[in-house]
4 protein chains.
Amino acid sequence: MDEAVRAGVARGRPRSERARTAVLDAAADLLVTGGTDAVTMEAIAARAQVSKATVYKWWPSRAHVMLESFFSRAKDTLDVAPEASLEEALTTLVGALTRIFRDTESGPLMADLVALAQADRAIRTALDEQWLRPRRRVASQLLRDGVDRAELVSDTDVAAAVDQLFAPVYHRLLLGHEPLSDELAATLVRQLLAGLRNRDPQRTGACPPRTAR
Amino acid sequence: MDEAVRAGVARGRPRSERARTAVLDAAADLLVTGGTDAVTMEAIAARAQVSKATVYKWWPSRAHVMLESFFSRAKDTLDVAPEASLEEALTTLVGALTRIFRDTESGPLMADLVALAQADRAIRTALDEQWLRPRRRVASQLLRDGVDRAELVSDTDVAAAVDQLFAPVYHRLLLGHEPLSDELAATLVRQLLAGLRNRDPQRTGACPPRTAR
Amino acid sequence: MDEAVRAGVARGRPRSERARTAVLDAAADLLVTGGTDAVTMEAIAARAQVSKATVYKWWPSRAHVMLESFFSRAKDTLDVAPEASLEEALTTLVGALTRIFRDTESGPLMADLVALAQADRAIRTALDEQWLRPRRRVASQLLRDGVDRAELVSDTDVAAAVDQLFAPVYHRLLLGHEPLSDELAATLVRQLLAGLRNRDPQRTGACPPRTAR
Amino acid sequence: MDEAVRAGVARGRPRSERARTAVLDAAADLLVTGGTDAVTMEAIAARAQVSKATVYKWWPSRAHVMLESFFSRAKDTLDVAPEASLEEALTTLVGALTRIFRDTESGPLMADLVALAQADRAIRTALDEQWLRPRRRVASQLLRDGVDRAELVSDTDVAAAVDQLFAPVYHRLLLGHEPLSDELAATLVRQLLAGLRNRDPQRTGACPPRTAR
DNA sequence: TCTTAAACGAGACGGTACGTCTAGTCTTCTA
DNA sequence: TAGAAGACTAGACGTACCGTCTCGTTTAAGA
């Protein structure tokens with residue numbers, strides 16, 4: 001009936017939750033065991049014991065499957081202990097990201113998604129809005145609060161600072177030139193907040209001048 | 001003959017330089033105009049007016065074509081003025097990278113290569129060894145020199161610091177969440193060297209304490 | 001309950017006559033307007049405003065729908081006027097067939113059914129027993145009566161003769177090499193009964209000899 | 001070179017004769033062993049050890065494969081012995097058709113082609129022009145010659161007569177209501193030429209009157 | 001000048017995955 | 001219990017690109 005439709009009453013056979021999770025699991029498994037090239041719609045359907053038509057019905061492309069597979073897994077915390085210092089809070093955020101990229105399927109999934117985002121603007125947008133932005137927002141707010149309290153210098157470029165905390169993690173995930181070590185998060189936060197410049201050279205006391213080379 | 005072969009003397013028709021450059025140009029053009037998906041071996045050969053066999057003869061995969069296409073274009077300078085300060089030198093390096101990614105075909109090419117590197121370990125290695133490592137080496141040396149002359153603090157994690165300078169550029173190139181602006185390089189260098197922490201809050205003198213939140 | 005079932009009393013919702021005729025009409029309409037390929041179970045159900053399950057519940061395949069659709073339409077007469085001559089009677093039978101194939105939906109339906117019969121033995125059997133055989137039986141009886149009364153030669157192969165009357169109609173329907181013209185039936189009957197051989201060459205009188213070539 | 005192209009000089013790898021015949025054989029084999037439904041492009045390619053792309057390159061549809069498969073096999077003779085009588089000549093033609101339909105793969109192939117012709121006008125045309133018409137032409141000419149020499153009556157409808165000879169064969173092939181027996185051809189020719197009407201009933205002399213029923 | 005051998009263009013080939021379509025079946029709610 | 005809605009499995013469709021192959025055709029160095 002029309003009323004039924006308008007009321008959102010389900011008509012017909014309901015969507016199979018089993019199929020949905022099987023697809024998401026299959027995609028992640030294939031990626032981890034066989035690499036990007038192994039994750040074809042054909043292979044996903046076969047491993048999930050699901051017909052290709054069902055996959056295409058709910059996800060328009062392999063990239064969208066990966067996206068949902070990633071989001072169904074990657075649940076890092078955005079909660080920061082209220083009593084934590086700024087340094088502690090930022091370290092928690094960056095450390096959580098580092099660990100899920102290094103220790104879970106989310107790492108390969110994110111790497112693959114960034115690759116897919118180069119070919120599909122919708123994926124890039126979804127990644128930005130649903131993953132990056134919320135995390136950047138939390139970090140940005142912490143930094144802005146620091147500026148407001150005068151804990152941080154007033155000319156801080158918050159966006160750039162956030163990139164200096166998070167980008168190295170993605171960079172190492174994607175290129176692998178350096179490991180995602182346990183200390184990385186603390187190091188990134190410490191070096192950004194305190195800076196690299198030596199303010200107490202040879203025990204001269206006082207705050208350090210900008211020493212030209 | 002055997003002697004000729006042993007002597008490395010070229011026998012037969014020499015490799016066509018025209019074909020080589022046509023292929024590299026075709027790959028870059030296709031990428032810029034049509035996106036990653038448009039760059040197929042088939043399309044490269046067609047646009048370059050070259051047979052597929054010739055492309056496969058010299059490059060084992062599309063990724064290798066992109067790699068050489070990138071390297072034949074991206075010639076940013078690694079030279080730093082000897083009289084420049086540390087901050088100036090680093091800003092020059094990061095700024096050069098930002099500009100070639102933003103203003104030339106090298107940006108899309110690098111983005112595509114990072115994507116391809118997720119599926120092809122050889123590409124990842126080549127990118128690392130032939131592109132990233134030389135640039136990281138120069139920046140690392142500058143930072144280590146700073147530590148040696150006590151301009152920088154002794155517990156500096158050079159590798160992490162280098163990432164805090166370069167990774168944001170790649171991150172923005174790949175995800176596009178923030179622009180590759182003119183000021184970015186200077187900001188990244190400044191914030192990393194001086195840090196974000198306010199050392200002179202309301203003229204209270206002395207170095208600032210770690211203010212708990 | 002069981003008693004009711006045994007008693008043949010209908011339980012539950014009775015079958016929808018509307019659905020039945022809508023399906024048969026849809027099948028015929030689709031065939032005439034779009035050709036064989038347009039007649040899919042999907043399309044039939046959609047046009048008939050009926051669910052696919054309902055179609056499958058009552059007809060095991062598209063071929064069976066076509067079969068019933070054909071039989072619900074093709075009602076040519078098998079009655080022959082008792083006072084008619086043999087030639088008139090046969091002409092009536094063949095003419096009726098020609099006209100319903102040429103002027104009604106039964107033509108395309110029969111053509112489609114013959115095609116479907118190549119893939120489905122059940123359809124072939126049904127076509128034979130329910131359509132061909134009754135018509136052949138009537139014509140055969142007329143011919144056999146003719147033999148019995150010595151109007152026809154005693155060595156008549158009735159089955160072959162019936163084919164020589166009817167087969168040309170199906171042949172033209174299926175291949176279209178010649179039209180199903182108004183005169184066709186009369187011509188077929190006349191030529192078969194009287195033969196093509198000239199029995200009165202050059203007015204020599206008497207019955208004609210078999211002139212060798 | 002242009003001259004080469006214009007001259008029809010073969011460029012590139014030449015077409016594989018092996019692939020061509022393998023496809024035609026596979027199509028015929030599948031049809032005979034598994035029926036119409038077994039003959040899919042997929043199955044043809046698989047059995048012929050040929051890629052689907054190759055099949056589609058040379059044949060636009062399954063129907064065209066069947067068509068060529070049929071023509072590569074069905075080589076019945078159209079030659080008639082010059083000294084043969086009209087009756088002998090026609091019997092030869094019809095008999096040859098009957099035998100290749102009954103005893104070779106050409107029977108199932110033709111049946112399938114007639115079915116396919118219902119959905120594809122191009123197939124119908126090809127069947128008509130390349131198969132039916134040449135055979136009908138020969139028979140028609142024999143009949144017309146007979147009329148010219150007054151062996152046959154002058155009001156003979158040649159087209160209808162040809163159908164009365166050939167159509168029964170196709171009809172039995174397609175519907176199977178009667179067998180394609182050895183005697184069929186002779187019977188069809190005899191009955192058509194001499195007619196069914198008894199001209200010498202009970203030795204009454206003279207040609208028989210039209211006996212009303 | 002003539003041979004020779006590698007590079008080249010064209011394009012057919014066997015594969016594989018694509019994204020779509022239809023066949024049938026199954027599950028839920030409604031009439 | 002029939003029917004409508006619609007999700008499901010299965011598998012063929014026709015296309016595109018892959019990477020390989022087989023031709024005939026340059027092109028220059030060496031004989």
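All chains are named by letter (A, B, ...) in the order of the sequence lines, taking the proteins before the strands, and each is independently numbered beginning at 1.
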Engineer: Is the terminal nitrogen or CZ of A/Arg15 (NZ for Lys, CZ for Arg) located under 6.0 angstrom from the six-membered ring centre of A/Trp59 and within 45° of that ring's axis?
Structural biologist: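 Yes.
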
Engineer: Is the backbone N or O of C/His64 less than 3.5 Å from a side-chain atom of C/Glu68, with the two atoms forming a donor-acceptor pair by type?
Structural biologist: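 Looks like no, no N/O pair under 3.5 Å.
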
Engineer: Over how many whole Å does the gap from B/Ile44 atom CD1 to F/dA16 atom P extend?
Structural biologist: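 From B/Ile44 CD1 to F/dA16 P: 18 Å.
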
Engineer: Take atom CH2 of C/Trp59 and atom C1' of F/dA2, then tell me their distance rounded to the nearest Å.
Structural biologist: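 Distance, rounded to whole Å: 13 Å.
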
Engineer: Let me know the distance between CZ of D/Arg15 and C1' of F/dG24, rounded to the nearest Å.
Structural biologist: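 Interatomic distance, CZ of D/Arg15 to C1' of F/dG24: 20 Å.
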
Engineer: Rounding to an integer number of Å, can you tell me how far D/Arg18 CZ sits from E/dA12 P?
Structural biologist: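 My rounded result for the distance is 16 Å.
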
Engineer: Rounded to whole Å, please give me the gap between CZ in A/Arg11 and P in F/dA7.
Structural biologist: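 Rounded to whole Å, this separation is 12 Å.
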
Engineer: Closer than 3.5 angstrom, by distance alone: can the side chain of B/Thr33 be matched with the main-chain N or O of B/Asp29 as a donor-acceptor pair?
Structural biologist: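 A pair under 3.5 Å: yes.
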
Engineer: Applying a 4.0 Å non-hydrogen cut-off, can you work out what D/Arg20 is touching in the nucleic acid: base, sugar-phosphate, or nothing?
Structural biologist: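 Answer is nothing: D/Arg20 stays at 4.0 Å or more from every strand.
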
Engineer: Mind checking if A/Thr54 touches a base, just sugar-phosphate, or nothing, with heavy atoms under 4.0 Å?
Structural biologist: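 Base, at least one base heavy atom under 4.0 Å.
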
Engineer: Name the residue closer to the 5' end of DNA chain F, choosing between A/Arg13 and B/Ser61 according to the nucleotide with the nearest heavy atom.
Structural biologist: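 Result of the comparison: A/Arg13.
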
Engineer: Would you call A/Arg62 and A/Asp120 a salt bridge, using N to O less than 4.0 angstrom?
Structural biologist: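 Not counted as a salt bridge, because no side-chain N and carboxylate O are separated by less than 4.0 Å.
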
Engineer: Report the distance from atom CE of C/Met41 to atom P of F/dA10, rounded to the nearest whole Å.
Structural biologist: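 These atoms are roughly 20 Å apart.
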
Engineer: Check the pair D/Phe71 / D/Gln130 against side chain to side chain contact (heavy atoms under 4.5 Å, CB included), numbers first and verdict last.
Structural biologist: CA-CA 9 Å; D/Phe71 279 119; D/Gln130 295 168 43; 3.6 Å; yes

Engineer: In whole Å, what is the span from the CD atom of A/Glu42 to the P atom of E/dT16?
Structural biologist: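 Distance, rounded to whole Å: 11 Å.
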
Engineer: I'd like to know if D/Lys52 reaches the base of E/dG14 with its side chain, counting only an N/O donor and acceptor under 3.5 Å.
Structural biologist: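 Counting by modelled atom types and ignoring angles, no donor-acceptor contact under 3.5 Å is found here.
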
Engineer: What's the closest nucleotide to the B/Tyr56 side chain, out of E/dC13, E/dT22, F/dG19?
Structural biologist: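 In terms of side-chain proximity for B/Tyr56, the closest of E/dC13, E/dT22, F/dG19 is F/dG19.
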
Engineer: From F/dC8, F/dG3, E/dC18, pick the nucleotide closest to the side chain of A/Trp58?
Structural biologist: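 The closest nucleotide is F/dC8.
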
Engineer: Nearest whole angstrom, please: distance from the C1' of E/dA17 to the CG of B/Asp37.
Structural biologist: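 Value for this atom pair: 14 Å.
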
Engineer: Give one of base, sugar-phosphate or nothing for A/Arg62, where a contact means two heavy atoms less than 4.0 Å apart.
Structural biologist: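 No contact.
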
Engineer: Once hydrogens and angles are ignored, does a donor-acceptor distance under 3.5 Å link the base of E/dG14 to the side chain of D/Ser51?
Structural biologist: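 Yes, the side chain and the base share a sub-3.5 Å donor-acceptor pair.
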
Engineer: What's C/Ala43 touching, base or sugar-phosphate or nothing? Going by heavy atoms closer than 4.0 Å.
Structural biologist: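 Contact class for C/Ala43: none.
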
Engineer: Please determine whether any donor N or O and acceptor N or O are separated by less than 3.5 Å between the side chain of C/Lys57 and the base of F/dG3.
Structural biologist: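 Per atom types, no contact qualifies.
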
Engineer: When the nearest nucleotide of DNA chain F is assigned to A/Ala53 and to A/Pro14 on a heavy-atom basis, which residue is associated with the more 5' position?
Structural biologist: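 Residue closer to the 5' terminus by nearest nucleotide: A/Pro14.
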
Engineer: Could you check which of F/dC18, F/dT9, E/dA17 has an atom nearest any side-chain atom of A/Val50?
Structural biologist: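 Selected nucleotide: F/dT9.
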
